Amino acid sequence: MAEFVRLAGGRALQDQLFELGVEFPCGGASACGGCRVRLIDGEIPVTEGMRDALSEDELAAGWRLACQGQAVGTVTLDIEQWSAKILTDESKVSVEPAEGFGAVIDLGTTTLVVEVVDLETGDVVSVLTGLNPQGRHGSDVMSRIEFDLRHPGVLTALIRGALGAMVAQAAGGRLLREVLVCGNTVMHHLFCGESVEPLSHVPFASPALGARLFDGVELGWNGVGRVTLLGCAGGFVGSDLIAGLVACGMHEASAVMALMDLGTNGEIAVGNRERVVCASTAAGPAFEGGRIRMGMRAGDGAIDRVERDGCHVIGGGAAVGICGSGLVDAVAMWLDMGIVAPSGRFADAAKPRRLAGDVELSQADVRELQLAKGAIAAGLDLLRRRMGLEPDGISSIHLAGAFGNYVRVASARRIGLLPAWDVPVVAAGNSAVRGTRALLLSPSRREAILDGLLGRMEHVELAADAEFQEAFVENMLFPR
Amino acid sequence: MADLEELREAILNGDARRADSLTREAIAQGVEPLALINQSMVPAMDEAGRRFECEEYFVPELLLAARAMKAALEPLRPLLAATGARAAGKVVIGTVKGDLHDIGKNLVASLLEGGGFEVIDLGADVSPQKFIDAVTNSGANIVALSALLTVTMPSMRNTIEALKQAGLRDRVKVMVGGAPVTQQFADQIGADGYSENAPSAVALARRFAGSAA
């Protein structure tokens, strides 16, 4: 099941691999070891940086850092752990029929989704996915900010160019009357060419949160009319979350519901049609397999389910690594079996525990999960209290994104990522793209929906909240 | 005779109430405050740090131990002041300007206190001027800077620059830490030391205090 690529020597491996989807979490500074690839054939000399980041065994098994690699002649590499399915959404939403075609774009920190939509029927006529080309300059929003401050304009040009090409390809010659783009605050600012400096320090308050209008021509996007970047809520909470609220109907609901997008930057909203509180919490990338020694995205070869009698591997082949849902499953099971204590400690701390094939989890991996789930659970808890609700006052929890699609709810409850009581949990899929499409297809109500939501929305800066810090530490522990 | 071993255990287990009552008992029985610190508290926090480093303890256990240690230290403070006992060193600590994350910084502050240092904790989002004022007023010999965000790391450089310009740089050792900080970065900005985690920050401060004495 492995995915092999042959690369020519000469051109830097970093450049060639980036085009194939390998991520450079720290921006290629050889600081994180996150861009590991396995050498199958050929020669890539081991550098000092690789020795720091990888063990002798790993080097012997062919693991190298892509950011440091210089190939001597042609090499074959296994980049299986970087293949990923990007979540799209083509479900029906209500339509105010209009002539022509439009498009919606989910501008994610990691992935991009472009959908061309028939404005008459509401049908999605073509979908394209891709990786955000900014990814080679850092995988999270903070490293993008840092890069943009040092190299102004580079990321803006990159994303406008990449999306323009995708839009042209997806449109296939059709004229697009209107394009709506959703994304978090940093993606919004970088696309618009706004300064990200205010987002680089407390209180993370940018004056440029509003919606922005462009003409296709000024972006260099041929055959495209108006392009709208939807407005942000505050802090790092952007229009992707707002669109998600529209998709799950929070703006019309009388009962209080929660929407959680568990990416690298966890975004959470709790509310109903009266009031919404939202926050972002730096959960870290554990739910996407990041910072986990054998972690990977939910693609072929990833262990996505763990049970006492074995593991399930996406694609059915041999296990290559483990994705977020598999990690949650494994720890939930080990808690039940007493192999992991509620403190997070392995009964036998020294040894990593094997799951399937060569895939194992170490004590440090469990600690990463504790940090990630602690941040999310504490964030939800704090927002619920801000709404003045009892723990059972939330009527449903919607989980956006790939992790929300794959994770087993019982396991998420067992580790304390979700509340222990049986609140209904809904996998919301790519709610950002669905909500954006709903907005595209209801032009007469769009402004009222967005203004209404933004007007009722309160952004809570969690890092500034002493209560949050306390809750964060408490929630690092697993339930008994 | 109060059981110093029992006090050590109470701190290690994060039992603040028991740590407090054991300390009071020991004082009533006439145990020397310095003996309590050196034979119970310092070893307890050293052990907690050791367990953290070998991944037996995680942030919650380390914080609980630090709280228990603080509870035990409280009844000793007036006695220590009266004896004029000298701290191992004086540390001004804070999370640098622009950054609000202070769990890691709080851990370091607690462990330093447990390690016998006098700690002046300036909190989070601390401006260079506040560090300068605190060093000037307290006569501290160590400054500890924390940052959790890559984008606030430049504030560490600015703080060190400001200490230079205020003519204080030679009077203090500057140590830096936090998730994105590396030894390389510490060298670049002219810090005297870097530590990867809270327990090793205490070891580093001890080295500085030793060299300053």
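Side-chain atoms are counted along with the backbone in the values below, which use heavy atoms only and exclude waters and symmetry mates. Every value quoted in this text rests on a predicted model; they were computed, and no experiment measured them. A, B, ... follow the sequence lines: proteins, then strands. Residue 1 opens every chain.
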Check whether more than 12 heavy atoms from other residues, nucleotides or ligands sit under 6.0 Å from atom [atom1] of [X], and answer yes or no.
{"X": "B:Arg77", "atom1": "CZ", "value": "yes"}
{"X": "B:Gln129", "atom1": "CD", "value": "yes"}
{"X": "A:Arg150", "atom1": "CZ", "value": "yes"}

Looking at [atom1] of [X] and [atom2] of [Y], how far apart are the two atoms once the value is rounded to the nearest 0.5 Å?
{"X": "A:Arg345", "Y": "B:Glu55", "atom1": "CZ", "atom2": "CD", "answer": "11.5 Å"}
{"X": "A:Glu474", "Y": "B:Leu63", "atom1": "CD", "atom2": "CG", "answer": "11.0 Å"}
{"X": "B:Thr150", "Y": "A:Arg144", "atom1": "OG1", "atom2": "CZ", "answer": "12.0 Å"}
{"X": "B:Leu100", "Y": "A:Asp465", "atom1": "CG", "atom2": "CG", "answer": "10.5 Å"}
{"X": "B:Leu149", "Y": "A:His201", "atom1": "CG", "atom2": "NE2", "answer": "11.5 Å"}

Against chain B, label A:Ala364 side chain, backbone, both or neither, depending on which of its atoms sit under 4.5 Å from a heavy atom there.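 The answer is both parts of A:Ala364.
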Check ring-ring contact (aromatic ring centres under 6.0 Å, His included) between A:Phe236 and all other residues, then give those that pass, not counting sequence neighbours.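 In terms of ring-ring contact (aromatic ring centres under 6.0 Å, His included), with neighbours along the sequence ignored, A:Phe236 is linked to A:Phe204.
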Proximal component of B:Asn106, with respect to chain A [non-hydrogen, under 4.5 Å]: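 Nothing of B:Asn106, per the 4.5 Å heavy-atom cut-off to chain A.
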Measuring heavy-atom distances to chain A, does B:Asp99 have an atom under 4.5 Å in its side chain, in its backbone, in both, or in neither?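 When you check distances to chain A, only backbone atoms of B:Asp99 fall under 4.5 Å.
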A:Arg367 to B:Tyr57 - nearest heavy-atom pair and separation: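 So the minimum-distance heavy-atom pair works out to NH2-C, 3.8 Å.
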Closest approach of B:Ile103 and A:Val473, non-hydrogen atoms and distance?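 Closest approach of B:Ile103 to A:Val473: CD1-CG2, 3.9 Å.
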Go through A:Met476, A:Gln469, A:Glu146 and name the one with the most non-hydrogen pairs under 4.5 angstrom from chain B.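 Result: the option with the highest number of such pairs is A:Gln469.
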So which residues of residues 187-198 of chain A are in contact with chain B at a heavy-atom cut-off of under 4.5 Å?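 Hits under 4.5 Å: none found.
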